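Everything numeric in this text was worked out from a predicted model, so none of it was measured. All chains are named by letter (A, B, ...) in the order of the sequence lines, taking the proteins before the strands, and each is independently numbered beginning at 1.
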There are 2 protein chains.
Amino acid sequence: MSRSDVRQKMIRGAADLLSRRGLQATSFSQILELTGAPRGSVYHHFPGGKDEVVTEAVRYVGNGVLSALATEDLTPTEVIARFGAMWRTVLVGSDLRGGCVVAAVTVGADSGELLSLTGAVFGEWLDALAAALHRAGAPESRCPSLAAVVLAGLEGAMVLTRASRSLEPFDDVVAELVRLVEALD
Amino acid sequence: MSRSDVRQKMIRGAADLLSRRGLQATSFSQILELTGAPRGSVYHHFPGGKDEVVTEAVRYVGNGVLSALATEDLTPTEVIARFGAMWRTVLVGSDLRGGCVVAAVTVGADSGELLSLTGAVFGEWLDALAAALHRAGAPESRCPSLAAVVLAGLEGAMVLTRASRSLEPFDDVVAELVRLVEALD
DNA sequence: GTCTATACGAAGATAGAC
DNA sequence: GTCTATCTTCGTATAGAC
């Protein structure tokens, strides 16, 4: 279906722009320029306007991360390593210019709806991380806080890496998170 | 000197807006509305335009945090507790709507100069944190990575807290960071 | 589905009067 | 130092033709 093709292409383009430039700098003009999507069909595909594209981009990224977290059983250390490697790929693939779409929308949100959405997505990620850590043998009562420190640590690490244009803080954070989790054994 | 008064008031107002609304949503109109500063003297006080106000706001916050980190000698746990309490105050004082100015500018930066600036400020914070941890007795070789995980963890925790409108993720992260640092003893 | 044209508002920035 | 007026650019959004 060609309708979905254009729509999907625009959603992915929006996610890319949100990751690198932030919420306010992500405009339809930018999305069209990046994707080559037809100018005349913007509001055909997204009658809800910008908020609708952004919402879809957040959901798209949210589900992508979620399915990556729903893998086979791992050790706690492997959970961190995989999750860390995933975000490292985002950084490297964007020349250290990109970050997390959900965080970008949270920081730039001007409506309560977008905030609720990012809150829900972060909540899903935290639940999935906690479940993975629990399957890996981490004590149940600590899984939620471990999930929080892992997600928060990586989100913050991406900001530090973008600002410093260096992977050093990111790798430092991953190493310390691994240490924290190894102490569980 | 009245010139500095207005200028300082605008810088503080800009920091407040950057914290809550992000970089692009922080405009001169908003700053004037918030501070009651005279409209006609914007470019008198800031000939460099918006970038100059933002730069000053980042420096202002940067130095504030820096001086808070340069306190007397503490234990590693106390370093985390103090640093965490500081950011918690920011969250609570903004009704969980505000965050870190430096992170907000990093994520929304559209110029290399602003990115360099936030990179430098984060670098100063990391150095100060590492030094505090070292004074507290942490092994020298681990101080940089410990500083990175503490700063990144808290930066990320603020994002999670803003999105979820709850202090739970923030407190979870602080608790886990304390555990990590207590293992040093 | 895609186009052009257009309305509307907001932002950054400058010029020149007071 | 502060004012108003103005320019320009850009973003969102709508209407109506093809």
Side-chain angles (χ1 to χ4, degrees), chain A residues 1-58 101 104-105 107-114 117, chain B residues 1-58 104-105 107-115 117:
Chain A
M1 16 179 158
S2 75
R3 177 197 154 113
S4 290
D5 279 354
V6 175
R7 207 179 122 96
Q8 261 312 115
K9 188 168 59 172
M10 290 183 70
I11 291 170
R12 280 194 296 265
D16 185 34
L17 285 163
L18 287 168
S19 160
R20 286 180 297 129
R21 315 270 313 265
L23 178 57
Q24 322 285 339
T26 298
S27 64
F28 279 123
S29 330
Q30 303 277 319
I31 298 174
L32 296 175
E33 189 184 337
L34 180 67
T35 60
R39 193 166 272 283
S41 57
V42 169
Y43 285 86
H44 171 72
H45 292 301
F46 301 95
K50 181 174 175 177
D51 274 12
E52 185 175 348
V53 203
V54 172
T55 298
E56 292 301 319
V58 170
V101 169
V105 173
V107 170
D110 49 351
S111 82
E113 280 101 50
L114 282 180
L117 176 65
Chain B
M1 17 181 153
S2 76
R3 178 198 153 115
S4 288
D5 279 355
V6 175
R7 207 180 122 95
Q8 261 312 114
K9 188 167 63 173
M10 291 183 72
I11 291 170
R12 279 193 297 264
D16 183 36
L17 285 163
L18 286 168
S19 161
R20 286 180 297 129
R21 316 269 310 266
L23 178 58
Q24 321 284 338
T26 297
S27 63
F28 279 123
S29 330
Q30 303 278 319
I31 297 175
L32 296 176
E33 189 184 337
L34 179 68
T35 61
R39 195 172 215 87
S41 57
V42 169
Y43 285 87
H44 171 72
H45 292 300
F46 302 96
K50 181 173 175 177
D51 274 12
E52 185 176 348
V53 201
V54 172
T55 297
E56 293 301 318
V58 170
V105 173
V107 170
D110 49 351
S111 83
E113 279 100 52
L114 283 180
L115 254 198
L117 175 66

Nearest-neighbour nucleotide for the [X] side chain, [options] considered:
X: Lys50(A); options: dG1(C), dT2(D), dT12(D); answer: dT12(D)
X: Ser41(A); options: dT2(C), dG12(C), dT12(D); answer: dT2(C)
X: Val6(B); options: dA13(D), dC3(C), dT2(D); answer: dT2(D)

Quick check for you: to the nearest 0.5 Å, what is the distance between [X] atom [atom1] and [Y] atom [atom2]?
X: Phe46(B); Y: Ile11(B); atom1: CZ; atom2: CD1; answer: 4.5 Å
X: His45(B); Y: Gln8(B); atom1: NE2; atom2: CD; answer: 11.5 Å
X: Asp110(B); Y: Arg21(A); atom1: CG; atom2: CZ; answer: 7.0 Å
X: Gln24(A); Y: Ser27(B); atom1: CD; atom2: OG; answer: 10.5 Å

- Give a yes/no on whether any side-chain N or O of His44(B) is located under 4.0 angstrom from OP1 or OP2 of dT2(D).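 It does not, given that no N or O in the side chain of His44(B) lies less than 4.0 Å from OP1 or OP2 of dT2(D).
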Hey, does the side chain of [X] reach the backbone of [Y] with a donor-acceptor pair shorter than 3.5 angstrom?
X: Ser19(A); Y: Ala15(A); value: no
X: Lys50(A); Y: Thr26(A); value: yes
X: Ser111(A); Y: Leu114(A); value: yes

Tell me: [atom1] of [X] to [atom2] of [N], nearest whole Å?
X: Arg39(A); N: dA15(D); atom1: CZ; atom2: P; result: 19 Å
X: Tyr43(A); N: dC3(C); atom1: OH; atom2: C1'; result: 16 Å
X: His45(A); N: dA13(D); atom1: NE2; atom2: P; result: 16 Å
X: Met10(B); N: dT2(D); atom1: CE; atom2: P; result: 10 Å
X: Asp110(B); N: dA11(C); atom1: CG; atom2: C1'; result: 13 Å

- Quick one: does Asp16(A)'s side chain get under 4.5 Å of Arg20(A)'s, heavy atoms only?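 With C-beta onward as the side chain, the pair touches.
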- Using a heavy-atom distance cut-off of less than 4.0 Å, which residues of residues 11-36 of chain A contact DNA chain D?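 Listed by number, they are Thr26(A), Ser27(A), Phe28(A), Ser29(A).
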- 5'-most contact on DNA chain D: Gly48(A) or Gly40(A), nearest heavy atom basis?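 Upstream on the strand: Gly48(A).
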- Partner residues of Arg12(B) under the salt bridge (charged side-chain N to carboxylate O under 4.0 Å, His left out) criterion, sequence neighbours left out: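 Checked Arg12(B) against salt bridge (charged side-chain N to carboxylate O under 4.0 Å, His left out); zero matches.
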- Have a look at the helix from dG1(C)-dC18(D) to dC18(C)-dG1(D) and give the angle its two end axes make, five pairs each, rounded to 10 degrees.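 Angle reported: 0°, given to the nearest ten degrees.
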